Student: 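After the structure tokens below, expect a handful of questions from me.
Counting from 1, the numbers follow the sequence of the chain as shown. This one's a predicted model, so the numbers in the text were calculated from it and none came from an experiment.
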Amino acid sequence: MKMRMTIGYIAIGLLLPLCLFFWIGTNKEYKSVLTFNEALSATIDVNQSFPSQTSFLVDKNGDRYAQGSSEMRYYAEEDQLPEFLKDIIIYSEDRNFYDHIGFDAGAIIRAVVKNLVFTHIQQGGSTITQQLARNLYLTQEKTYNRKLTELVYAYELEQSLTKEEILQGYFNIIYFSNGVYGIRSASLYYFQQELEDLSSAQLAFLAAIPNNPGKYDPVDHFNAAKERQERLIDLMVLENKIPAEEGENIKAEKINLNLFESIDHYPDYAVYVEHELMELIAESEGYAKKIKQADSKEKAERIQKALTKRTDQILQSGVTIHTALDPALQRENVRTLQNHLPYEGVEGASVMIRNETREIVSVVGGKDYKKYNFNRSFQALRQPGSTIKPLLVYGPYIEQFQPALSQKIDASDYCKEDYCPENYGGARYKDVSLARAFLLSLNTPAIRLLEKTGVEQAHDYLTPFSFNHTEKSDETLASAVGGFTYGMSPLEMTDAYTSFIDGGYSRSHAIVKVTDDQGNLLYEWPKNSVTVWSPKTTSKMRELLSQAALSGTGKPAYVTKPYVGIKTGTTNQYFDYWTIGLTDEYTTGVWVGHDLPKSMETIELDRPAHAIWRDMMQ
């Protein structure tokens with residue numbers, strides 16, 4: 001009797017800490033459950049949660065060239081899931097799936113007993129429903145708190161969905177290694193076949209992976225995956241789901257992987273498209289307006305985060321982003337930039353726009369651009385130098401006064417207070433014609449023309465363009481020769497030059513439209529166009545640009561086309577070289593410089609920006 005009492009006290013002593021541990025954990029979870037339990041039913045929606053799919057970017061011909069993310073996700077409908085596959089997963093992962101309420105009490109007790117032997121959690125006892133809840137709403141962290149929360153979510157899933165919906169969700173969200181999510185994705189990735197075309201051996205092989213995607217990765221650990229596949233088939237025989245002879249035949253079938261090659265071409269262009277997609281969603285769904293009207297920086301940042309989340313959601317919904325990419329031009333323009341920039345540390349960028357449609361057909365973000373690196377075509381803000389003169393000086397002056405191009409303008413030295421700019425190379429002139437001042441890209445006449453137009457009035461002509469970093473403080477005489485606080489990107493400058501095609505401006509875009517997985521239209525840019533230059537002004541500006549290409553600063557970039565117009569720019573201390581212009585077919589801009597501004601005087605005579613522009617436009 002005394003012995004039994006002693007044993008009893010020892011048992012109680014051992015059980016009390018365990019009970020206390022569970023009470024503390026349960027109490028903590030209960031408090032949090034009270035706050036979100038009512039929201040769970042609204043949160044759990046099979047139609048919203050499960051169909052995460054890979055999105056693709058397609059070129060002008062409709063051919064895929066990039067994925068919207070590095071992950072591979074294809075959704076499988078319930079009728080696409082083979083019964084053989086369902087049986088293998090259920091018998092190997094959760095044999096009581098059709099009987100439990102989201103969790104299996106017996107499995108949990110067995111897991112707890114096993115885990116008590118170790119110092120950390122070894123076995124989870126998770127049902128298919130729990131695994132689905134974990135992947136949808138929780139983390140993979142192995143703690144008792146997370147496990148308790150997981151049980152609540154699993155129970156709510158069982159209340160909200162049918163068993164078949166839960167199983168379908170599970171098959172579409174589980175991980176199959178190598179960035180592959182979902183059974184249909186695994187079928188396409190490892191065999192390049194649809195589920196309905198797979199043999200039983202192939203299905204069993206795929207079913208072997210999710211239990212431990214690292215250990216059973218077919219690419220790095222093929223033999224381990226094959227061994228598990230055979231154990232699963234033996235289990236099916238043991239459960240009388242297939243005859244023994246059939247099981248042996250399935251195991252004997254040779255598994256040949258046929259790996260899907262991830263599509264990831266033209267990273268310069270693809271990264272810009274993802275950037276533009278966020279802008280398109282912002283404009284279409286009102287985020288842009290909300291950010292602009294935000295009364296605090298914090299509020300604007302919150303809206304921006306919501307926009308980023310929304311863009312990610314769209315990219316994970318299996319959309320097709322139709323773009324204007326011309327693959328042949330993109331490849332050639334990348335090579336051209338690389339060929340003409342052999343200098344260490346000197347970078348470059350280019351943008352090419354089709355005149356007729358205002359579609360961006362090529363974007364080069366650097367001479368050796370890697371995806372998601374700094375893309376100089378649209379992220380680099382640089383001083384525009386003399387390339388701003390057609391937009392800010394000559395265009396507005398001609399629009400306002402309609403002078404003859406032979407009109408004389410003072411090109412002598414200029415000095416106002418402490419501002420005393422010089423012409424290129426310190427050259428001095430007296431009176432020159434408007435045409436000659438443009439041809440030679442003289443600075444002192446440009447400043448005088450800006451004065452005559454009025455600095456503020458001239459800057460108003462920049463308003464229609466997509467210059468996102470101009471400031472009120474930029475309205476100075478120095479802006480006539482490219483003096484801005486932040487500057488412009490190569491894309492912004494090239495885009496603005498499209499106004500010299502016909503006097504109208506419609507912002508250029510890479511995205512033609514965005515469609516869902518059924519081909520329904522989701523987004524497209526509105527066809528908005530504004531008149532910037534009158535026909536007379538447009539005609540005179542095209543003549544000025546043409547003369548500059550034929551015998552002025554743009555001559556080294558000249559190409560033989562029905563029409564060619566070019567303007568160049570070199571900023572102070574030779575920090576930037578620009579060549580921007582248009583032919584009858586394309587408008588193209590090229591920038592060359594160091595990422596951290598540095599003199600390039602030693603390569604000035606090579607005219608790298610001219611050479612790149614010329615070879616792109618041949």
Side-chain angles (χ1 to χ4, degrees), residues 383-416 419-455 457-459 461-462 475-484 493 496-497 499-500 503 532-534 536-558 563-572 574 576-582 604 607 609-610:
Q383 299 301 308
S386 292
T387 57
I388 199 65
K389 290 174 183 175
L391 301 165
L392 181 62
V393 177
Y394 288 90
Y397 180 78
I398 293 172
E399 186 69 37
Q400 190 161 324
F401 299 106
Q402 288 303 321
L405 298 184
S406 58
Q407 182 191 69
K408 297 295 182 179
I409 184 76
D410 184 4
S412 63
D413 292 351
Y414 180 96
C415 207
K416 189 169 186 178
Y419 182 56
C420 303
E422 295 181 346
N423 293 314
Y424 177 77
R428 292 185 170 182
Y429 300 85
K430 294 183 180 178
D431 287 352
V432 298
S433 69
L434 205 67
R436 186 160 178 76
F438 190 94
L439 188 80
L440 300 176
S441 195
L442 301 180
N443 290 335
T444 56
I447 292 168
R448 289 186 171 98
L449 290 175
L450 183 63
E451 271 190 312
K452 288 186 178 182
T453 303
V455 175
Q457 292 90 328
H459 274 264
Y461 281 89
L462 298 182
E475 295 181 8
T476 67
L477 291 174
S479 63
V481 293
F484 285 78
M493 288 299 298
Y497 265 64
S499 64
F500 298 124
V532 180
W533 317 115
S534 66
K536 287 185 178 180
T537 299
T538 303
S539 177
K540 289 177 180 178
M541 286 305 304
R542 287 176 64 86
E543 185 177 345
L544 290 175
L545 290 164
S546 177
Q547 288 302 312
L550 189 64
S551 56
T553 59
K555 186 176 180 180
Y558 185 79
Y563 173 80
V564 183
I566 299 172
K567 186 70 190 77
T568 63
T570 301
T571 60
N572 288 344
Y574 306 93
D576 306 272
Y577 294 138
W578 293 85
T579 300
I580 307 177
L582 58 157
E604 182 197 9
R607 302 282 192 268
H610 289 77

Student: List the atom of Ala480, the atom of Lys389, and the distance in Å for their closest heavy-atom pair.
Tutor: O-CG, 3.3 Å
Student: Under 3.5 Å, is there a donor-acceptor pair between the side chain of Arg448 and the main chain of Ser412?
Tutor: yes
Student: Calculate, to the nearest 0.5 Å, the distance between atoms CG and CG belonging to Leu550 and Leu545 respectively.
Tutor: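 Answer rounded to 0.5 Å: 12.5 Å.
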Student: Check Pro445 against Val432 and note the closest heavy-atom contact, atom names and distance.
Tutor: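 Here Pro445 and Val432 meet closest at CG-CG2, 4.5 Å.
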Student: Let's go through Leu440 and Tyr429 carefully: what are the C-alpha distance in whole Å and the side-chain angles of both, what is the deciding distance for side-chain contact (heavy atoms from CB on, under 4.5 Å) to 0.1 Å, and is it a yes or a no?
Tutor: CA-CA 11 Å; Leu440 300 176; Tyr429 300 85; 3.8 Å; yes
Student: May I ask you to test the Ser499-Leu391 pair for a side-chain heavy-atom distance under 4.5 Å?
Tutor: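 Ser499 vs Leu391: side chains touch.
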Student: Does CG belonging to Asp431 count more than 12 external heavy atoms closer than 6.0 Å?
Tutor: yes
Student: Closer than 3.5 angstrom, by distance alone: can the side chain of Thr444 be matched with the main-chain N or O of Asp413 as a donor-acceptor pair?
Tutor: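 No; zero donor-acceptor contacts below 3.5 Å.
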Student: Please step through side chain to side chain donor-acceptor pair (under 3.5 Å) for the pair Glu399 and Thr537, ending with a clear verdict.
Tutor: CA-CA 6 Å; Glu399 186 69 37; Thr537 299; 2.7 Å; yes
Student: Yes or no on side-chain contact (heavy atoms from CB on, under 4.5 Å) for Leu392 and Phe484, after CA distance, side-chain angles and deciding distance?
Tutor: CA-CA 12 Å; Leu392 181 62; Phe484 285 78; 4.1 Å; yes
Student: Can a donor-acceptor pair be found, under 3.5 Å and without considering hydrogens, that links the side chain of Thr453 to the backbone of Leu449?
Tutor: yes
Student: Hey, does Met493 have a side-chain heavy atom less than 4.5 Å from the side chain of Ile388?
Tutor: yes
Student: How long is the gap from OH on Tyr558 to CD1 on Ile566, to the nearest 0.5 Å?
Tutor: 8.5 Å
Student: Going from SG on Cys415 to CD on Glu422, what distance comes out if it is rounded to the nearest 0.5 angstrom?
Tutor: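 Rounded to the nearest 0.5 Å, the SG-CD separation comes to 10.0 Å.
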Student: If I compare all heavy atoms of Met541 with all of Gly395, which pair ends up nearest, and what's the gap?
Tutor: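 Of all heavy-atom pairs spanning Met541 and Gly395, the closest is SD-N, 3.7 Å.
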Student: Strictly distance-based, threshold 3.5 Å: is any side-chain N or O of Thr387 a donor or acceptor partner for the main-chain N or O of Gly569?
Tutor: no
Student: Once you round to the nearest 0.5 Å, how far does CG of Leu582 lie from CZ of Phe500?
Tutor: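 It is 8.5 Å, given to the nearest 0.5 Å.
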Student: Using the ring of each side chain (for Trp, its six-membered ring), is Tyr461 parallel, tilted or perpendicular to Trp533, with breaks at 30° and 60°?
Tutor: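 Rings of Tyr461 and Trp533: parallel, as their planes differ by under 30°.
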Student: Distance from Leu434 atom CG to Ile409 atom CD1, nearest 0.5 Å?
Tutor: 7.0 Å
Student: Would you say CZ of Arg436 has more than 12 non-hydrogen atoms from neighbouring residues, nucleotides or ligands within 6.0 angstrom?
Tutor: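 Atom CZ in Arg436 is not crowded, with 12 or fewer foreign heavy atoms closer than 6.0 Å.
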Student: Ignoring hydrogens and angles, tell me if any N or O in the side chain of Tyr563 forms a donor-acceptor pair with the backbone of Arg542 under 3.5 Å.
Tutor: yes
Student: Heavy atoms only: give me the nearest Phe438-Ala548 pair and the separation to one decimal.
Tutor: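 In terms of heavy atoms, the two residues are closest at CE2-CB, 3.9 Å.
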Student: Side-chain contact test, heavy atoms from C-beta onward, threshold under 4.5 Å: evaluate it for Tyr419 versus Thr476 and give yes or no.
Tutor: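 When only atoms from C-beta onward are counted, Thr476 and Tyr419 do not touch, as no gap falls below 4.5 Å.
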Student: For Thr579 and Ala557, which heavy atoms make the closest approach, and how far apart are they?
Tutor: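 For Thr579 and Ala557, the tightest heavy-atom pair comes out as CG2-CB, 4.2 Å.
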Student: Indicate yes or no for a side-chain donor-acceptor contact from Ser539 to the backbone of Lys536 under 3.5 Å, with no hydrogens or angles considered.
Tutor: no
Student: Can you list the steps and then say if Asn443 with Ser386 is a side-chain contact (heavy atoms from CB on, under 4.5 Å)?
Tutor: CA-CA 8 Å; Asn443 290 335; Ser386 292; 4.0 Å; yes
Student: Ring-plane angle category for Tyr577 and Tyr574, please: parallel below 30°, perpendicular beyond 60°, tilted otherwise.
Tutor: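 Judged by the thresholds at 30° and 60°, the geometry between Tyr577 and Tyr574 is perpendicular.
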Student: Give, for atom CD1 of Ile398 and atom NZ of Lys540, the distance between the pair rounded to the nearest 0.5 Å.
Tutor: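 Answer rounded to 0.5 Å: 6.5 Å.
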Student: Measuring only between side-chain heavy atoms, which start at C-beta, is Gln407 closer than 4.5 Å to Phe401?
Tutor: no
Student: Walk me through it: do Ser441 and Thr553 pass the test side chain to side chain donor-acceptor pair (under 3.5 Å)?
Tutor: CA-CA 7 Å; Ser441 195; Thr553 59; 5.3 Å; no
Student: Could you check Tyr397 against Leu450 for side-chain contact (heavy atoms from CB on, under 4.5 Å), going step by step and ending with a plain yes or no?
Tutor: CA-CA 7 Å; Tyr397 180 78; Leu450 183 63; over 6 Å; no
Student: Quick one: do Gln400 and Lys452 satisfy side chain to side chain donor-acceptor pair (under 3.5 Å)? Show the steps, please.
Tutor: CA-CA 10 Å; Gln400 190 161 324; Lys452 288 186 178 182; over 6 Å; no
Student: Taking all non-hydrogen atoms of both residues into account, name the closest pair between Leu442 and Ala411 and its distance.
Tutor: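 Closest approach of Leu442 to Ala411, heavy atoms only: CD1-CB, 4.2 Å.
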